[in-house]
Amino acid sequence: MPEGHTVHRTANHFRKTFAAQTVEVTSPQGRFTDAAVISGTKLLKTRAIGKQLFLHFEPAVLRIHLGIYGKWQFSQFEELPEPRGLVRARFIAGNHLADLRGPTACELLDSEQLKLIQAKLGPDPLDPMADAEKFIAKVSRSRVTIGQLLMDQSVISGIGNVYRAELLFRAGINPHTPGSSLTREQVLGLWLDAVALMPLGVKTGLMLTREGHLKAKTKKADRYYVYKREGLPCRECEVNIAIELMATRKLYHCPSCQK
DNA sequence: GGCTTATGCGCAG
DNA sequence: TGCGCCTAAGCCA
């Protein structure tokens with residue numbers, strides 16, 4: 001379920017229920033072989049950058065990336081439940097439990113490795129300290145299409161297939177436009193729109209992108225302008241929403257509103 | 001119950 | 001470009 005907002009929610013949850021505590025870390029499945037290195041140490045700091053979660057324990061930093069399959073399951077228990085299925089990592093502090101399944105990455109980093117990985121990440125619209133100019137500069141210099149640039153985590157962190165489609169529709173920009181063909185106002189506009197929308201995602205856990213429907217009570221069927229609406233009439237102009245593959249990912253857009 | 005699909009990404013070639 | 005990852009929800013029967 002991971003576009004950036006979900007990972008920030010996870011970071012917030014860890015901060016609330018695990019931070020500053022001694023955490024017991026195990027790998028019931030066995031594949032996270034370094035669990036013992038951090039188990040029994042304190043969670044000092046929790047940070048999400050885009051789709052990556054960094055849990056700073058005393059001996060090392062744990063980097064978690066859910067990829068497409070990864071899932072978290074959080075719960076509180078009176079009696080600790082047996083792990084169900086393949087649990088890569090299990091975190092326990094007090095009566096709080098977090099089970100991690102199927103992640104792409106669950107690995108310990110030293111400070112050098114951490115620096116390298118974080119240096120590769122583009123600015124995150126959910127980070128108040130993020131530098132929009134870095135995003136603008138990379139897009140403006142690139143002949144790659146804006147549809148692909150928005151999915152490139154070294155250009156901007158945290159955008160996935162849903163926000164990509166919706167942001168471009170909201171901006172009235174055709175996904176095939178090369179980054180360098182966009183005006184500075186258009187690129188800044190995309191950034192500012194992400195800055196405006198993504199906190200709603202963190203707050204509600206839903207990707208709310210439709211003007212007038214930016215509330216958690218918005219029904220799933222009404223939630224998006226174009227994402228997964230191929231063949232249906234555009235909500236603004238009635239022309240059918242188009243679908244195609246762009247670099248192996250499904251891309252949705254309105255051929256009329258996004259010229 | 002089975003089959004399809006998915007909000008991602010690294011890697012081989 | 002295509003594969004591997006290998007979970008879980010959604011949909012159909």
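None of the values given here were measured: they were computed from a predicted structure. Order of the sequence lines fixes the chain letters, A, B, ..., with proteins taken first and strands second; residue numbering starts at 1 for each chain.
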A.B. asks: Of all the nucleotides listed (B:dA6, C:dG10, B:dG8), which has the minimum atom distance to the side chain of A:Lys220?
C.D. replies: C:dG10
A.B. asks: With DNA chain C as reference, determine whether A:Thr248 or A:Gly102 sits nearer its 5' end, using the nearest nucleotide of each.
C.D. replies: A:Thr248
A.B. asks: Atom NZ of A:Lys228 and atom P of C:dA9: how far apart are they, to the nearest Å?
C.D. replies: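 Atom NZ in A:Lys228 sits about 14 Å away from atom P in C:dA9.
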A.B. asks: Taking only the side-chain heavy atoms of A:His65 (C-beta and beyond), determine which of B:dG8, C:dA8, B:dT7 contains the nearest atom.
C.D. replies: B:dG8
A.B. asks: Within less than 4.0 Å of OP1 or OP2 of B:dT7, is there a side-chain N or O belonging to A:Arg164?
C.D. replies: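 No, A:Arg164 has no side-chain N/O under 4.0 Å of OP1/OP2 on B:dT7.
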A.B. asks: At under 4.0 Å between heavy atoms, what does A:Arg84 touch on the DNA or RNA strands: base, sugar-phosphate, or nothing?
C.D. replies: nothing
A.B. asks: Give every pair of a protein N or O atom and an N or O atom of nucleotides 10-13 of chain B that lie under 3.5 Å apart, one pair per line with the distance.
C.D. replies:
none

A.B. asks: When the distance from CG of A:Leu167 to C1' of B:dT7 is rounded to whole Å, what number comes out?
C.D. replies: 13 Å
A.B. asks: Not counting sequence neighbours, which residues clear side chain to side chain contact (heavy atoms under 4.5 Å, CB included) with A:Pro81? List them please.
C.D. replies: A:Phe77, A:Arg90, A:Leu97
A.B. asks: Start with the C-alpha distance between A:Phe74 and A:His13, add both sets of side-chain angles, then the distance that settles ring-ring contact (aromatic ring centres under 6.0 Å, His included), and finish with yes or no.
C.D. replies: CA-CA 9 Å; A:Phe74 300 112; A:His13 181 82; 4.1 Å; yes
A.B. asks: Using OP1 and OP2 only, check whether a side-chain N or O of A:Arg249 sits under 4.0 Å from B:dT7.
C.D. replies: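 Looking at the OP1 and OP2 atoms of B:dT7, one of them is under 4.0 Å from a side-chain N or O of A:Arg249.
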A.B. asks: Grab the CG-P distance between A:Leu126 and B:dT7 for me, whole Å please.
C.D. replies: 19 Å
A.B. asks: Using the side chain to side chain contact (heavy atoms under 4.5 Å, CB included) criterion, which residues pair with A:Met246? Sequence neighbours excluded.
C.D. replies: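 Scan of A:Met246 (side chain to side chain contact (heavy atoms under 4.5 Å, CB included), adjacent residues dropped) gives A:Thr145, A:Gln148, A:Arg164, A:Pro175, A:His176, A:Leu251.
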A.B. asks: State plainly whether the residues A:Lys42 and A:Glu58 are in salt-bridge range, i.e. N to O under 4.0 Å.
C.D. replies: no
A.B. asks: Distance check needed: C:dC5 C1' versus A:Tyr69 OH, whole Å only.
C.D. replies: 6 Å
A.B. asks: Given B:dT7, is OP1 or OP2 found less than 4.0 Å from the side-chain N or O atoms of A:Lys51?
C.D. replies: no
A.B. asks: If only side-chain N and O atoms count, and only distance matters, is there a donor-acceptor pair under 3.5 Å linking A:Arg15 with A:Asn12?
C.D. replies: yes
A.B. asks: Between A:Phe14 and A:Phe91, is the ring-ring contact (aromatic ring centres under 6.0 Å, His included) condition met? List the steps.
C.D. replies: CA-CA 10 Å; A:Phe14 263 94; A:Phe91 305 79; 5.5 Å; yes
A.B. asks: According to a strict under-4.0 Å criterion, is A:Tyr163 in side-chain N/O contact with OP1 or OP2 of B:dT7?
C.D. replies: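 Negative; the distance criterion is not met.
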A.B. asks: So if I take every side-chain heavy atom of A:Gln153 and compare against C:dA8, B:dC9, B:dA6, which nucleotide ends up nearest?
C.D. replies: B:dC9
A.B. asks: Could you state the NZ-P distance from A:Lys250 to B:dT4, rounded to the nearest angstrom?
C.D. replies: 13 Å
A.B. asks: What's the gap between B:dG10 and C:dA8 when it is taken at their C1' atoms, as a whole Å value?
C.D. replies: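 The answer is 22 Å between these two C1' atoms.
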A.B. asks: Calculate the interatomic distance between A:Arg101 atom CZ and C:dA9 atom C1'; express it in whole Å.
C.D. replies: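 Rounded to whole Å, this separation is 14 Å.
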A.B. asks: If the C1' atom of C:dT1 is compared with that of B:dT7, how far apart are they to the nearest Å?
C.D. replies: 23 Å
A.B. asks: Using a strict 4.0 Å threshold on nitrogen-to-oxygen distance, state whether A:Glu133 and A:Arg184 make a salt bridge.
C.D. replies: yes
A.B. asks: Nearest whole angstrom, please: distance from the P of B:dT7 to the CD1 of A:Ile243.
C.D. replies: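 Taking atom P of B:dT7 as the reference, CD1 of A:Ile243 is at 9 Å.
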A.B. asks: Quickly work out the A:Trp72 CH2 to B:dG8 P distance and round it to whole Å.
C.D. replies: 18 Å
A.B. asks: State yes or no: are the ring centers of A:Tyr252 and A:Phe169 separated by less than 6.0 Å?
C.D. replies: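 No; A:Phe169 has its ring centre 6.0 Å or more from that of A:Tyr252.
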